[in-house]
Student: 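Take this structure first; my questions come after.
Worth knowing before you read on, the calculation uses all heavy atoms, side chains too, and leaves out hydrogens, waters and symmetry mates. The structure displayed is predicted, hence computed values, not measured ones.
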Amino acid sequence: MPVTMRLQWGLWILLLLLLFFTLLPEDGFVQSGAYAILNTGFYALVVYGNISFLYPRLFLKNRKVLYILAAVAGLLVASLLRTYSMMWIYNTFFNMKPHPELVTTMIFVRNVSGLLTIFLLSFILRIFIAYFVLKRKAEEMQQQHAQTELELLKSQVQPHFLFNTLNNIYYEAFREAPHTALLIERLSEIMRYFVDESPKDKVNLSTEINFLENYIALEKIRIRHEIGLTFTRDIDDDYRIPPMLLMTFVENIFKHGIDKTSTHNQIAITLLCRNNHLIFNTRNELPLHPVASGQRGSGIDNLRKRLLLLYGDNFELKTERSDNHFNASLTVPL
């Protein structure tokens with residue numbers, strides 16, 4: 001049994017015993033036990049009815065008026081049932097002379113007051129639970145972020161040494177093979193992006209685009225035939241987005257959407273800014289001989305998880321196959 005469940009059982013048993021020993025001097029052993037069990041049951045009904053049903057289904061969904069109406073109705077019904085249950089138990093087992101209606105009314109009013117107090121306490125308790133759950137999640141995310149940064153720092157083995165070495169190789173290659181030198185320069189920029197930009201919360205859109213262009217240029221050298229690629233942009237370069245947000249679609253194209261034996265590979269990439277939203281679309285032909293990969297689709301799944309952390313439900317991610325093409329679309333707020 002989980003610790004929280006054992007704690008709850010312990011609290012209810014403690015309340016049951018407290019009610020029992022409070023009533024014992026006046027009502028006797030059996031009557032005190034019956035009333036203690038009955039009252040504890042109704043208290044539990046009010047508490048769990050609120051924190052497990054009304055609060056998550058109405059209050060958290062911003063239906064507060066309906067929440068108040070449902071709570072009032074529930075309290076009145078529970079008070080009425082509690083009143084008549086107590087009167088029935090008392091008149092049936094402990095007293096042969098039923099109480100007058102006035103006494104029943106007074107008991108009902110007192111029960112409404114008691115259950116209302118329990119309800120308010122349960123509402124405060126639910127607020128505290130939500131606060132501590134949110135705080136714990138924030139601490140877990142902060143710890144995860146710190147761990148990620150630590151792992152990133154561990155992986156950066158003397159990055160400046162690597163950059164300086166690449167620069168030296170670039171100048172040597174530039175005299176003999178300018179095209180090779182250009183590729184070395186692109187590789188150096190990609191590595192610098194990983195080291196300097198990827199740890200940031202957001203980067204300029206122009207920086208992200210430059211990273212994509214460098215990646216595409218390096219991927220092209222692995223393919224035998226020329227690729228027909230169009231990259232259409234209608235954006236403001238000053239916008240800022242989380243780093244590596246657009247990479248997954250492009251990476252998937254070169255992993256799964258290129259036929260290295262074909263001379264007709266066509267790729268269309270579109271990046272637009274509309275109504276304070278960034279819209280990123282990719283379209284590529286499906287290869288006749290797909291590349292087998294046990295990890296197919298994991299990149300999109302990981303991207304969706306990251307988007308949920310960054311934007312909640314305020315994003316749109318779509319992928320579809322149609323007419324021998326694979327289409328991917330991402331829309332996020334700016």
Student: Check whether any side-chain heavy atom of Phe249 lies under 4.5 Å from a side-chain heavy atom of Ile300, and answer yes or no.
Tutor: yes
Student: Looking only at heavy atoms, what is the nearest atom pair of Ile235 and Leu271, with distance?
Tutor: CG2-O, 3.4 Å
Student: From Thr282 OG1 over to Glu251 CD, what is the distance, rounded to the nearest 0.5 angstrom?
Tutor: 12.5 Å
Student: Taking NZ, NE, NH1 and NH2 as the nitrogens, is one of them in Glu316 or Lys318 under 4.0 Å from a carboxylate oxygen of the other?
Tutor: yes
Student: CZ/Phe20 to OG1/Thr40 distance, rounded to the nearest 0.5 angstrom?
Tutor: 11.5 Å
Student: Hey, what do you get for CZ (Arg304) to OG1 (Thr248), rounding to the nearest 0.5 Å?
Tutor: 11.5 Å
Student: Is any side-chain heavy atom of Phe211 closer than 4.5 Å to one of Met247?
Tutor: yes
Student: Would you kindly confirm whether Val77 and Leu45 end up in one hydrophobic cluster when ILVMFWY residues are joined by side chain heavy atoms under 4.5 Å apart?
Tutor: yes
Student: Looking at Arg240 and Lys202, would you say the former's side chain and the latter's main chain have a donor-acceptor pair under 3.5 Å?
Tutor: yes
Student: Tell me whether Asp201 at atom CG has more than 12 heavy atoms from other residues, nucleotides or ligands lying less than 6.0 Å away.
Tutor: no
Student: Between CD of Glu285 and CG of Asn324, what distance do you get to the nearest 0.5 Å?
Tutor: 8.0 Å
Student: Do Ile89 and Leu38 make a side-chain contact, defined as non-hydrogen atoms from C-beta onward lying under 4.5 Å apart?
Tutor: yes
Student: Thinking salt bridges, do Arg233 and Glu213 make one under a 4.0 Å N-O criterion?
Tutor: yes
Student: Ignoring hydrogens and angles, tell me if any N or O in the side chain of Asn210 forms a donor-acceptor pair with the backbone of Ser206 under 3.5 Å.
Tutor: no
Student: Can you say whether the rings of Tyr55 and Tyr67 are parallel (under 30°), tilted (30 to 60°) or perpendicular (over 60°)?
Tutor: perpendicular
Student: Treating Thr207 as the side-chain partner and Val203 as the backbone partner, does any N or O pair qualify as donor plus acceptor under 3.5 Å?
Tutor: no
Student: So is Arg82 actually on top of Tyr84's ring, under 6.0 Å and inside 45° of the axis?
Tutor: no
Student: Is it possible for you to say whether Phe29 and Phe21 belong to one hydrophobic cluster, with membership spreading through side-chain heavy-atom contacts below 4.5 Å?
Tutor: yes
Student: Under the 3.5 angstrom rule, does the side chain of Asn39 hit a backbone N or O of Tyr35 as a donor-acceptor pair?
Tutor: yes
Student: So, does Tyr193 use its side chain to make a donor-acceptor pair with the main chain of Met244 at under 3.5 Å?
Tutor: yes
Student: Tell me whether Leu218 is reachable from Ile267 by hopping between hydrophobic residues (I, L, V, M, F, W, Y) whose side-chain heavy atoms are closer than 4.5 Å.
Tutor: yes
Student: Report yes if the side chains of Val250 and Leu246 come closer than 4.5 Å at any heavy-atom pair, otherwise no.
Tutor: no
Student: Do Arg306 and Pro242 have side-chain heavy atoms sitting under 4.5 Å apart?
Tutor: yes
Student: With the 4.5 Å side-chain cut-off for hydrophobic clustering, are Leu69 and Leu54 part of the same group?
Tutor: no
Student: For a side chain to side chain contact (heavy atoms under 4.5 Å, CB included) check, start with the C-alpha distance between Phe280 and Ile241, then their side-chain angles and the critical distance, and finish with the verdict.
Tutor: CA-CA 12 Å; Phe280 186 56; Ile241 63 171; over 6 Å; no
Student: Answer yes or no: is there a side-chain heavy-atom contact under 4.5 Å between Leu245 and Leu307?
Tutor: yes
Student: Are Leu278 and Thr331 close enough, and set up right, to give a side chain to side chain contact (heavy atoms under 4.5 Å, CB included), and what steps lead you there?
Tutor: CA-CA 6 Å; Leu278 181 70; Thr331 303; over 6 Å; no
Student: Under a single-linkage definition using a 4.5 Å side-chain heavy-atom cutoff for Ile, Leu, Val, Met, Phe, Trp and Tyr, are Leu330 and Leu272 assigned to the same hydrophobic cluster?
Tutor: no
Student: Would you please classify the geometry between the Tyr311 ring and the Phe315 ring as parallel, tilted or perpendicular, with 30° and 60° separating the classes?
Tutor: tilted
Student: State plainly whether the residues Arg274 and Asp234 are in salt-bridge range, i.e. N to O under 4.0 Å.
Tutor: yes
Student: How long is the gap from CG on Leu58 to NZ on Lys64, to the nearest 0.5 Å?
Tutor: 10.5 Å
Student: Ile209 versus Leu205: any side-chain heavy-atom pair under 4.5 Å?
Tutor: yes
Student: Write down the atom of Phe42, the atom of Ala78, and the distance for their closest heavy-atom approach.
Tutor: CE2-O, 3.5 Å
Student: Answer yes if the ring centres of Tyr48 and Phe53 are under 6.0 angstrom apart, and no otherwise.
Tutor: no
Student: Ignoring hydrogens, what is the shortest heavy-atom contact between Leu16 and Ile37? Give both atom names and the distance.
Tutor: CD1-N, 3.6 Å
Student: Please lay out, stage by stage, how Ile190 and Arg186 fare under the test side chain to side chain contact (heavy atoms under 4.5 Å, CB included).
Tutor: CA-CA 6 Å; Ile190 285 179; Arg186 289 186 181 275; 5.6 Å; no
Student: Is the closest side-chain heavy-atom distance between Ile279 and Cys273 below 4.5 Å?
Tutor: no
Student: Enter the distance from Leu18:CG to Leu14:CG here, rounded to the nearest 0.5 Å.
Tutor: 6.5 Å
Student: Would you name the heavy atoms of Ser32 and Gly28 that are closest together and state the gap between them?
Tutor: OG-O, 2.6 Å
Student: Verify side chain to side chain contact (heavy atoms under 4.5 Å, CB included) between Asp313 and Leu308, making sure each step is shown before the conclusion.
Tutor: CA-CA 6 Å; Asp313 294 328; Leu308 285 170; 4.1 Å; yes
